[in-house]
Amino acid sequence: MKREPKPNNGLHIYDTLERKVLPITASDGQVVRIYCCGPTVYRDAHVGNLRTFLLSDLVRRTLEFSGLKVKMVQNITDVGHMSEDFEEDKMLAQSKLEKRDPYSIAREYEEKFHKDLAELNILPAHNYPRASECIEMMLEHIAKLTELELAYQGDDSSIYFDSTKFDSYGQLSGNRLDALKPGHRYEYVEAGAKRFHADWALWKAAGNRREMIWQTAYGPGFPGWHIECSAMSLHYLQGHVDLHIGGIDLRFPHHENERAQSNPLVKGEAVSAWLHGEHLLFEGRKMSKSSGNVVLLSDVITRGFDPLSLRFCFLENRYRSQMDLSWNSISAAHSTLQRLRAKYQQWKLAPRDYSDEASAFVLAILAHFQADLDTPQVMIKLRSLEKEDQFSDGQKAAILENLEPLLALKLLEEMPIKELPDEARVLLEARQRARENKDFALSDQIRDQLLLLGIAINDSPSGQSWSWKS
RNA sequence: GGUGGAGUGGCCGAGAGGCGAGGCUCGGGACUGCAAAUCCCGCUACACGGGUUCAAAUCCCGUCUCCACCUCCA
């Protein structure tokens with residue numbers, strides 16, 4: 001049996017912790033408070049990163065379309081994201097490589113990140129706190145954990161979280177403390193200062209590091225990666241997170257540790273629901289530098305595709321499944337997008353008709369979004385609109401207009417029209433004269449020339465017209 | 001080794017016991033001086049082996065293959 005979700009039932013999302021679909025609500029009755037793990041700004045975000053960032057946007061738009069208020073915070077990690085060996089801090093490694101000040105690198109990539117989001121029509125979060133500017137609140141958080149005797153100072157002066165003191169450690173990721181130890185893939189090297197293998201650093205002593213360090217009561221040092229999100233989420237969202245969003249890989253250790261750090265301070269579950277987006281593969285492989293298949297949004301644009309064709313591709317797949325992206329699928333999405341936009345330009349000429357049937361169609365789409373973001377169903381329904389005889393053009397136009405805040409595919413926009421260069425204008429006039437004289441050889445020759453300029457010609461009984469080749 | 005997910009036509013992908021989604025590509029046609037664009041038509045698939053059932057892509061058992069996660073990662 002086909003399950004048609006009920007509209008206006010509110011957003012429901014699969015929660016990683018409870019492993020079931022939960023309604024997303026504002027715990028204070030006012031505003032849905034959402035925290036999204038943001039980028040570490042030491043390199044360009046690839047399209048896989050963008051898929052996760054888009055996930056937040058889908059959640060936000062669905063909630064707002066359903067009539068709820070949303071507050072969304074996304075952190076910018078510009079310090080403290082490192083592996084066990086702090087020589088390998090991502091920011092500092094890149095800084096060394098580029099021989100540049102780490103902060104200037106961070107700001108550059110942060111700006112690019114915002115540009116990418118805008119290209120994908122992702123609404124900006126209400127707040128983008130930078131880790132480097134939130135050291136005080138992290139230190140406060142660490143101090144409280146120390147008071148609660150959940151953290152201790154190691155021989156190396158670093159402060160560690162005592163994972164054995166948090167009873168439900170591992171519940172989010174399905175890991176058990178004892179099962180973590182063997183580490184089949186990695187030979188675990190016992191770090192001397194930790195009391196237990198699963199403990200992690202809240203604050204790292206500077207050692208011989210000179211940049212991006214802060215003077216504190218514990219001595220000079222810098223924050224661990226996980227404390228950043230605990231401190232910032234609770235600070236900027238006033239002590240509770242209704243929905244926490246991030247990539248699936250963050251489930252462990254990042255979110256597991258974050259939960260252990262946050263819960264004791266609020267004396268309960270600091271986060272109502274954990275939403276994790278699955279990874280994107282490109283042409284069958286995980287996107288990574290070593291596989292050489294890292295694709296950036298700028299690559300998509302360079303190939304002549306509308307950046308929103310990427311959004312379109314993402315919508316065609318459920319956030320919870322691994323998705324295989326390819327140039328082929330982007331190209332397919334691109335042409336469908338263009339076709340829909342062209343159709344709208346036609347439909348909108350008819351008198352607008354937002355009847356009950358049209359509004360039912362919009363609500364049916366909303367219901368699919370609300371049902372754990374079932375965007376593949378949304379796209380199926382959207383495509384069906386094209387062939388649907390039961391709707392008039394005026395209804396179809398009204399439907400697309402109403403859906404735009406949800407879909408954000410810019411379906412109402414006309415094709416971007418670039419200014420025609422003079423050279424092309426002259427050629428077009430020449431071709432028109434040639435056609436009037438039935439000199440088809442010349443006319444075809446000019447058409448080829450125009451094609452080289454990226455201009456496609458369309459001859460119709462009413463004369464020639466042109467458009468930019470897509 | 002542990003855990004989770006997946007195998008559907010040339011490609012991407014819905015569907016979750018009966019009625020073969022849809023898109024892209026490709027082929028044919030209409031239109032056109034020819035193209036392009038557009039429209040119409042076509043291409044009939046569910047990894048393999050068993051089983052359950054009147055009926056299986058869909059349920060059960062087994063096998064194979066692929067992918068991801070397991071303290072770098074969105």
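Treat the numbers as computed from the prediction; the structure is a model and nothing was measured. Every chain is numbered from 1, with letters handed out A, B, ... down the list of sequences.
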### Task
Look at all strands and tell whether A:S443 reaches a base, only sugar-phosphate, or nothing, counting heavy atoms closer than 4.0 Å.
base
## Note on the structure
Separation of B:G23 atom P from A:L315 atom CG, nearest Å, is 18 Å
#### Entry: Closest to side chain of A:S329, choosing from B:A74, B:C12, B:G33
B:C12
### Message
Give me the distance, rounded to whole Å, that separates B:C26 from B:G10 when you measure between the C1' atoms they each carry.
### Response
8 Å
## Note on the structure
Taken to the nearest whole Å, CZ/A:R318 to P/B:A6 is 12 Å
### Message
With hydrogens left out and only the distance checked, is there a donor-acceptor pair under 3.5 Å joining A:D459's side chain and the base of B:C34?
### Response
yes
### Query
Expressed in angstrom and rounded to an integer, what is the separation of A:Q445 atom CD from B:A35 atom P?
19 Å
### Query
Can you name the nearest heavy-atom pair linking A:F196 to A:T164, along with the distance?
CD2-CG2, 3.7 Å
### Query
Side-chain donor or acceptor of A:R339 under 3.5 Å from a matching atom on the base of B:C24?
no
### Task
Name the nucleic acid region contacted by A:D324, choosing base, sugar-phosphate or nothing; use a 4.0 angstrom heavy-atom cut-off, strictly under.
sugar-phosphate
### Query
Centres of the A:F282 and A:W327 rings: under 6.0 Å?
yes
### Task
Using a heavy-atom cut-off of under 4.0 Å over every strand shown, decide if A:R51 touches base, sugar-phosphate, or nothing.
nothing
### Task
Measure the acute angle between the ring planes of A:H114 and A:Y128, then classify it against the limits of 30° and 60° as parallel, tilted or perpendicular.
perpendicular
### Task
Have a look at A:L250 and say if it touches a base, only the backbone sugar-phosphate, or nothing, with a 4.0 Å heavy-atom cut-off.
sugar-phosphate
### Query
For the pair made of CG in A:L337 and P in B:C24, what is the distance, rounded to whole Å?
12 Å
### Pairwise C1' distance for B:U25 and B:G18, with rounding to whole Å
32 Å
### Task
Look at the aromatic rings of A:F305 and A:H334 and report parallel, tilted or perpendicular, splitting at 30° and 60°.
perpendicular
### Message
What is the separation between atom CG on A:N328 and atom P on B:C12, rounded to the nearest whole Å?
### Response
8 Å
### Atom P, compared across B:C64 and B:A56: separation rounded to whole Å
26 Å
### Lys/Arg cation over aromatic A:F222: A:R209, 6.0 Å, 45° cone
yes
#### Entry: Given B:G23, B:A35, B:A74, the nucleotide with the shortest approach to the side chain of A:T52
B:A74
### Task
With a 3.5 angstrom cut-off on both distances, give the Watson-Crick or G-U wobble partner of B:C43, or none if there isn't one.
none
#### Entry: B:U38 pairs with, by Watson-Crick or G-U criteria that keep both distances under 3.5 Å
B:A30
### Task
Measure the distance from CG on A:L340 to P on B:C24 and round it to the nearest whole Å.
10 Å
### Query
What's the closest nucleotide to the A:N458 side chain, out of B:A36, B:A68, B:A21?
B:A36
### Query
Starting at CD of A:E386 and ending at C1' of B:C39, how long is that distance when rounded to a whole Å?
13 Å
### Summary
Across every strand shown, the nucleotide meeting Watson-Crick or G-U wobble geometry with B:C64 (both distances under 3.5 Å) is B:G7
### Task
Would you mind telling me which of B:C69, B:A74, B:G33 lies closest to the side-chain atoms of A:L280?
B:A74
### Under-4.0 Å side-chain N/O to phosphate OP1/OP2 contact, A:N49 with B:A74
yes
### Query
Does OP1 or OP2 of B:G15 have a side-chain N or O of A:Q377 closer than 4.0 Å?
yes
### Task
Please figure out whether A:D444 or A:S331 has its closest RNA chain B nucleotide nearer the 5' end.
A:S331
### Query
Atom CZ of A:F282 and atom C1' of B:A68: how far apart are they, to the nearest Å?
18 Å
### Between B:U65 and B:A14 - P atom distance, rounded Å
25 Å
### Task
Considering just the side-chain nitrogens and oxygens of A:R431, establish if one lies under 4.0 Å of OP1 or OP2 belonging to B:A35.
no
### Query
Under 4.0 angstrom, heavy atoms only, what part of the nucleic acid is A:K387 near: base, sugar-phosphate, or nothing?
sugar-phosphate
### Message
Suppose you measure atom C1' in B:G50 against the same atom in B:A68; what distance do you get, rounded to whole Å?
### Response
30 Å
### Task
Taking atom P in both B:A21 and B:C67, compute the distance separating them and give it to the nearest angstrom.
29 Å
### Query
Heavy atoms under 4.0 Å, any strand shown: does A:H276 hit a base, just sugar-phosphate, or nothing?
nothing
### Query
Does a distance-only test, which skips hydrogens and angles, find a donor-acceptor pair under 3.5 Å between the side chain of A:R383 and the base of B:A21?
no
### Query
Looking at the side chain of A:F440, which of B:G23, B:G33, B:A14 is the nearest nucleotide?
B:G33
### Message
Is it the case that the side chains of A:Y109 and A:D78 hold a donor-acceptor pair, with the cut-off being a distance below 3.5 Å and no angle test?
### Response
no
### Message
So if I take every side-chain heavy atom of A:H279 and compare against B:A36, B:A74, B:A14, which nucleotide ends up nearest?
### Response
B:A74
### A:K410 to A:R341 - nearest heavy-atom pair and separation
O-NE, 2.9 Å
### Query
Would you call the rings of A:Y169 and A:W200 parallel, tilted or perpendicular if under 30° counts as parallel and over 60° as perpendicular?
parallel
### Task
Report which part of the nucleic acid A:R251 touches: base, sugar-phosphate, or nothing (heavy-atom distance under 4.0 Å, all strands).
sugar-phosphate
### Message
Counting distance alone, no hydrogens or angles: does the base of B:G13 have a donor or acceptor under 3.5 Å from a partner atom on the side chain of A:N317?
### Response
no
### Task
Look at A:K343 and B:A37 and indicate whether a side-chain polar atom (N or O) is within less than 4.0 Å of OP1 or OP2.
no
### Query
Which nucleotide, B:C24, B:C69, B:A74, lies nearest any side-chain atom of A:S335?
B:C24
### Task
Under a 3.5 Å limit for both distances, which nucleotide forms a Watson-Crick or G-U wobble pair with B:A16, could you say?
none
### Query
With both distances under 3.5 Å as the test, what is the Watson-Crick or G-U wobble partner of B:C73?
none
### Task
Measure from the side-chain heavy atoms of A:R43 and tell me the nearest of B:A74, B:A68, B:G23.
B:A74
### Task
Give the ring-plane orientation class for A:H254 versus A:W225, where under 30° counts as parallel, over 60° as perpendicular and anything between as tilted.
parallel
### Message
Once you apply a heavy-atom cut-off of 4.0 Å, does A:G48 come out as touching a base, just sugar-phosphate, or nothing?
### Response
base
### Message
Can you check the distance between B:A55 and B:A47, where both ends of the measurement are the C1' atom (answer in whole Å)?
### Response
23 Å
### Message
Taking the P atom in each of B:U44 and B:G9, what is the distance between them to the nearest angstrom?
### Response
13 Å
### Task
Identify which nucleotide among B:U71, B:G23, B:C73 has an atom closest to any side-chain atom of A:F252, counting heavy atoms from C-beta outward.
B:U71
### Query
Considering the options A:H276, A:E256, A:R251, which one meets the side-chain hydrogen bond (donor to acceptor under 3.5 Å, both in side chains) requirement together with A:S173?
A:E256
